[in-house]
Amino acid sequence: MSVGQRSAIIDIGSNSVRLVVYGGPPRAPFTLFNEKLLAGLGKGLLDGGRLADGSMKSALGALTRFRRLVEMMGVKDVQVVATAAVREASNGAEFLDHVARIGFSPRILSGEEEAIGAGYGVLSSNPEADGVVGDLGGGSLELVRIRKGQVLDKVSLPLGSLRLAAIRAKGPSALNQTLKAMLRGQGWISEAAERPFYLVGGSWRTLARLHIHKCGYPLPILANYEMSAQTAAQLVRMTSKIDKSIIKTVPTLSASRVPALNDAAALLASVVRQLKPSKLVTCANGLREGLLYARLDDATRALDPLLEDARAEGDRQGRFDQHGRLIHRWIKPLFDGEGPEYARLRHAACLLADIAWQANPEFRAERGVQTALQGNWTGASHRDRAMLAATLHASFGGGDEVPDILASLATRDELVLAQSWGLAIRLAQRLSGGTEDPLENSRLSLTPGVVRLVVSPCQADLVSDQVNRRLKVLATVMGRKPEITIDAIRDD
């Protein structure tokens with residue numbers, strides 16, 4: 001990764017001050033460095049509307065360190081943004097003057113800009129998202145209607161996690177009534193009914209992490225983790241008596257967030273009562289990623305983030321330049337009847353087809369599964385990860401069975417389909433040896449009851465017993481018989 005491709009966001013929030021340095025493809029940037037300090041700037045707003053001196057001192061200390069870090073990393077593209085706490089504080093401008101003296105050019109995001117950023121953050125990883133984004137920060141809650149890649153209606157509400165305890169202290173129904181009153185006049189909120197509600201913000205992500213633990217869910221990855229809408233009420237009960245001892249059983253939970261989890265759960269339950277969403281979807285991307293996404297041109301935004309991620313990783317780990325692209329084109333005739341959601345996964349799997357070659361042969365299939373399930377794949381659902389894992393398991397010689405964990409993440413039919421992709425990739429690799437000509441001078445096709453491999457006479461000597469065996473295994477999984485023909489290849 002060249003230094004010139006790096007960018008950084010410094011987010012001065014109501015709870016924390018955070019630096020994130022990104023690298024990788026612009027459409028699917030990945031985190032190179034992530035550090036935060038819980039400065040608690042927003043706490044001062046509850047006591048007279050000023051940022052507390054101690055909080056400002058802590059925040060400025062962190063920002064001084066961040067300035068030094070980005071200089072040492074050679075990052076030239078640095079955005080510094082401040083949200084609700086600085087926006088609302090009577091001494092917010094004074095604080096930003098201190099930030100400017102450190103060497104940054106900070107800007108305050110309006111509530112609308114914050115909402116747009118959160119909406120774009122979700123769209124950056126879920127381009128087809130159609131529902132409402134809820135971004136819970138320390139000082140505010142942004143609700144954003146997104147559909148067809150666009151941010152539509154939005155509202156910023158003074159319901160950040162630092163404000164909730166005071167509202168709830170007024171009575172058991174105070175929070176719900178407060179939210180209801182704040183949403184009055186927001187007619188677009190009715191469009192949220194029976195559509196997903198996308199959860200953004202550390203407090204709500206922590207609730208999802210707790211739910212994963214309590215339910216024994218097998219894949220502890222927050223991105224695109226789904227819960228039913230009814231789960232919100234369960235989370236209120238789950239967090240009603242929680243304390244920091246939970247950290248001993250769930251070490252990935254942030255101890256600093258535990259005390260406020262019940263308030264965050266109560267707000268989520270109130271939002272669900274008002275919006276009536278179909279389900280809850282946890283999102284790893286939010287405001288910071290949205291700021292990067294907002295700067296992209298339309299052509300770059302239109303790229304599939306999963307394919308961009310897979311292409312970058314395949315290029316980094318693969319042996320043969322562009323071979324994944326050739327394999328994708330070569331096996332495509334066997335799967336032309338698939339819909340676009342499966343076609344993109346098959347394409348991604350082909351781009352990743354060589355990522356485990358450096359592993360010991362006994363562990364290549366395992367490495368493929370691990371990479372698919374645990375990789376930082378932008379835009380991949382948990383079902384998508386399972387299908388990628390089944391594909392790579394088969395392509396790296398994992399045999400007929402798929403790992404047990406995958407059965408709880410995708411249907412049997414989906415896993416069998418993914419296995420057939422993997423076996424087709426495995427056949428392509430054996431026939432070609434990673435070179436281009438064998439794939440250019442051969443074709444796969446389906447006829448009734450047969451998987452046929454046609455090889456040009458100039459490549460006939462590449463048809464070995466291993467090629468025959470791999471074709472037979474592929475055909476068997478697809479419920480057909482194998483057939484190899486030596487014949488001239490005609491361009492379609």
Side-chain angles (χ1 to χ4, degrees), residues 9 11-18 41-46 49 51 79-90 92-93 95-96 106-124 129 131-147 150-167 174-192 195 197-205 260 263-264 266-268 270-275 277 283 285-291 293-294:
I9 304 286
D11 180 1
I12 305 172
S14 300
N15 270 323
S16 64
V17 178
R18 184 186 294 267
L41 286 170
K43 293 179 180 178
L45 299 183
L46 303 179
L51 302 174
Q79 295 186 68
V80 181
V81 297
T83 54
V86 179
R87 184 169 67 232
E88 298 176 14
S90 59
F95 172 73
L96 290 187
R107 63 188 177 102
I108 296 178
L109 297 180
S110 67
E112 180 172 317
E113 289 174 322
E114 199 172 345
I116 292 171
Y120 276 148
V122 173
L123 289 170
S124 72
V132 173
V133 175
D135 183 3
L136 176 60
S140 62
L141 167 68
E142 280 67 49
L143 297 176
V144 191
R145 177 74 171 99
I146 55 174
R147 183 181 70 238
Q150 298 295 317
V151 171
L152 303 176
D153 301 284
K154 59 270 182 187
V155 63
S156 181
L157 306 175
L159 287 176
S161 58
L162 296 174
R163 306 177 192 266
L164 298 178
I167 296 173
L175 181 56
N176 198 51
Q177 292 302 317
T178 299
L179 177 63
K180 184 177 181 180
M182 288 181 176
L183 292 178
R184 196 170 292 128
Q186 302 290 334
W188 60 271
I189 287 294
S190 62
E191 297 180 21
R195 288 185 170 87
F197 183 66
Y198 299 94
L199 305 176
V200 175
S203 295
W204 279 349
R205 291 187 189 113
D263 289 336
L267 178 60
L268 180 59
S270 292
V271 169
V272 166
R273 290 191 199 101
Q274 298 299 323
L275 273 61
C283 298
N285 285 6
L287 171 63
R288 292 179 292 275
E289 291 75 21
L291 293 173
Y293 181 79

Could you pull out every donor-acceptor pair under 3.5 Å between side chains of residues 176-189 and any protein atom, sequence neighbours left out?
| unit_1 | atom_1 | unit_2 | atom_2 | d |
| --- | --- | --- | --- | --- |
| Thr178 | OG1 | Ala174 | O | 2.7 |
| Gln186 | OE1 | Trp188 | NE1 | 2.8 |

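Heavy atoms only, all atoms of each residue included: Tyr293 and Ser124 are closest at CD1-CB, 3.7 Å. A pairwise comparison of heavy atoms in Glu142 and Ser140 identifies OE2-OG, 2.8 Å as the closest pair. The nearest pair of heavy atoms linking Asn15 to Ser161 is ND2-OG, 3.4 Å. When all heavy atoms are compared, the tightest approach of Pro277 to Phe197 is CB-CB, 3.7 Å. A pairwise comparison of heavy atoms in Tyr120 and Ala294 identifies CD1-CB, 3.8 Å as the closest pair.
Note that CZ of Arg163 and CG of Leu141 are 11.0 Å apart. Values are rounded to the nearest 0.5 Å. With values rounded to the nearest 0.5 angstrom, Arg87 atom CZ is found 12.0 Å from Leu96 atom CG. Separating the CD1 atom in Ile146 from the CD1 atom in Ile116 is a distance of 13.0 Å, to the nearest 0.5 Å. The NZ atom of Lys154 sits 10.5 Å away from atom CD of Glu113, with the distance rounded to the nearest 0.5 Å. Separating the CG atom in Leu152 from the CZ atom in Arg145 is a distance of 6.5 Å, to the nearest 0.5 Å. Taking OG of Ser156 as the start and CG of Leu143 as the end, the distance is 9.0 Å to the nearest 0.5 Å.
When side chains are defined from C-beta on, Arg195 does not count as touching Arg147, because their heavy atoms never get closer than 4.5 Å. Between Asp135 and Val144, every side-chain heavy-atom pair lies at or beyond the 4.5 Å cut-off. Put simply, the side chain of Leu159 reaches to within 4.5 Å of the side chain of Ile167, judged on heavy atoms. The side-chain heavy atoms of Val271 and Val132, taken from C-beta on, include no pair separated by under 4.5 Å. Gln79 places none of its side-chain heavy atoms less than 4.5 Å from the side chain of Arg288.
If you run side-chain contact (heavy atoms from CB on, under 4.5 Å) between Thr83 and each of Ile108, Ile12, Leu287, only Leu287 comes through.
For Ala264, the side chain to side chain contact (heavy atoms under 4.5 Å, CB included) test picks out Leu136, Ser203, Trp204, Leu207, with sequence neighbours left out. Ala85 meets the side chain to side chain contact (heavy atoms under 4.5 Å, CB included) test with Ser14, Leu41, Leu45, Leu51; sequence neighbours excluded.
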(request) Tell me, with the steps shown, if Arg205 and Val200 meet side-chain contact (heavy atoms from CB on, under 4.5 Å). (result) CA-CA 7 Å; Arg205 291 187 189 113; Val200 175; 3.7 Å; yes

(request) Under the side-chain contact (heavy atoms from CB on, under 4.5 Å) rule, what do Asp263 and Leu267 come out as? Steps first, then yes or no, please. (result) CA-CA 6 Å; Asp263 289 336; Leu267 178 60; over 6 Å; no

